[in-house]
Novice: 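First, the structure itself, so that you have it in front of you.
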Amino acid sequence: MGKAWYMSETIVDQRKECHRSPPEFCGLEKLAEIGIIYRHIPAHEKDAGLERACAEQGYDHWDEIIINREKLPNYDAKIKNFFQEHMHPDDEARYVVDGTGFFDVRDKEDRWIRILAQAGDLIILPSGIYHRFTVDDNDYLKAVRLFKGIPVWTAYLREEGGEDTFVRHDD
Ligand code: KMT
Ligand code: NI
């Protein structure tokens with residue numbers, strides 16, 4: 001667990017690892033520096049681990065999402081929205097139950113870092129952090145989403161030189 005790397009400048013296929021050449025890995029302390037929590041909670045400690053995270057961070061609501069073409073309603077639009085750089089007024093807190101995916105965030109110099117999300121990973125992107133998300137070629141990620149209060153699905157896009165606009169992520 002716990003793998004992150006700097007991304008190649010050009011993305012040919014968002015679902016691939018998109019390494020630089022040669023690959024340049026990103027230390028987990030770098031993620032901590034930008035406020036990201038990236039912690040492994042093995043399946044058998046899931047309940048206690050998530051309870052602890054909820055108590056620490058003040059989360060009191062949760063749901064479960066399966067990202068997969070067959071399972072996720074409105075799949076194409078959601079996949080597109082997830083991969084447009086955006087931020088939320090709330091934390092994005094996800095515990096990966098099964099499957100894999102990538103969360104991309106920027107470092108302080110605006111360089112993209114790709115964070116591997118796999119079973120047992122708790123990833124918390126604090127509110128206001130620009131990010132994007134994609135599944136990989138397996139097209140399957142099952143995650144618990146943790147919230148403070150009932151979630152508002154507002155995402156603010158970061159557009160090249162443009163105004164922030166918002167899209168709805170969920171129904
Ligand atoms: C978001 O807002 O980017 C997401 O919810 C990503 C999908 S949850 C694994
Ligand atoms: Ni998001």
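All values derive from a computational prediction rather than experimental measurement. In listed order, ligands and their atoms are each counted from 1.
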Novice: Any nitrogen or oxygen of His86, main chain or side chain, under 3.5 Å from a nitrogen or oxygen of ligand 1?
Specialist: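 By distance alone, the answer is yes.
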Novice: Does a salt bridge link Arg158 with Asp110, judged by any charged N lying under 4.0 Å from a carboxylate O?
Specialist: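 Yes, charged N to carboxylate O under 4.0 Å.
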Novice: Should you measure from each heavy atom of Arg94, which atoms of ligand 1 turn up under 4.0 Å away?
Specialist: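 Near Arg94, the atoms of ligand 1 are 2 (O), 4 (C), 5 (O), 8 (S).
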Novice: Can you see whether Tyr130 has Arg106 sitting over its ring - NZ or CZ less than 6.0 Å from the centre and within 45° of the normal?
Specialist: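 The answer is no; the distance or angle limit is not met.
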Novice: Is it true that Arg111 and Glu24 have a side-chain N and a carboxylate O under 4.0 angstrom from each other?
Specialist: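 Salt bridge: yes.
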Novice: Does ligand 1 have an atom under 4.0 Å from some heavy atom of Arg132?
Specialist: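 The answer is no: ligand 1 sits nowhere under 4.0 Å from a heavy atom of Arg132.
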Novice: Strictly under 4.0 Å, does any heavy atom of Ile67 approach an atom of ligand 1?
Specialist: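 Contact present.
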Novice: Mark up the atoms of ligand 1 that fall under 4.0 Å of a heavy atom belonging to Leu141, in ascending order.
Specialist: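 Atoms satisfying the 4.0 Å criterion: 9 (C).
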Novice: Looking at Arg145 and Glu92, does any basic side-chain N land under 4.0 Å from a carboxylate oxygen?
Specialist: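 No salt bridge links Arg145 with Glu92.
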Novice: Which ligand 1 atoms are under 4.0 Å away from a heavy-atom of Phe103?
Specialist: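 Per the distance check, 9 (C).
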Novice: To the nearest 10 degrees, could you say what angle the Ni ion (ligand 2) makes with NE2 of His131 and NE2 of His86?
Specialist: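 It comes to 90°.
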Novice: Under a 3.5 Å threshold, yes or no: a donor from one side chain and an acceptor from the other, between Asp90 and Ser127?
Specialist: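 On atom types as modelled, these side chains do not qualify, holding no pair under 3.5 Å.
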Novice: Heavy-atom distance to atom 2 (O) of ligand 1: which of Lys78, Glu92, Gln84 wins?
Specialist: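 Among Lys78, Glu92, Gln84, the closest heavy atom to atom 2 (O) of ligand 1 comes from Glu92.
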Novice: Under a 3.5 Å cutoff, is there a donor and acceptor pairing between the side chains of Gln118 and Thr100?
Specialist: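 The answer is no; no qualifying pair exists.
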Novice: Taking the Ni ion (ligand 2) as the reference point, name the nearest N/O/S atom of Glu92.
Specialist: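 Looking at Glu92, the N, O or S atom with the least distance to the Ni ion (ligand 2) is OE1.
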Novice: Parallel, tilted or perpendicular: which describes the rings of His88 and His131, with under 30° parallel and over 60° perpendicular?
Specialist: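 If you compare the ring of His88 with that of His131, the planes turn out tilted.
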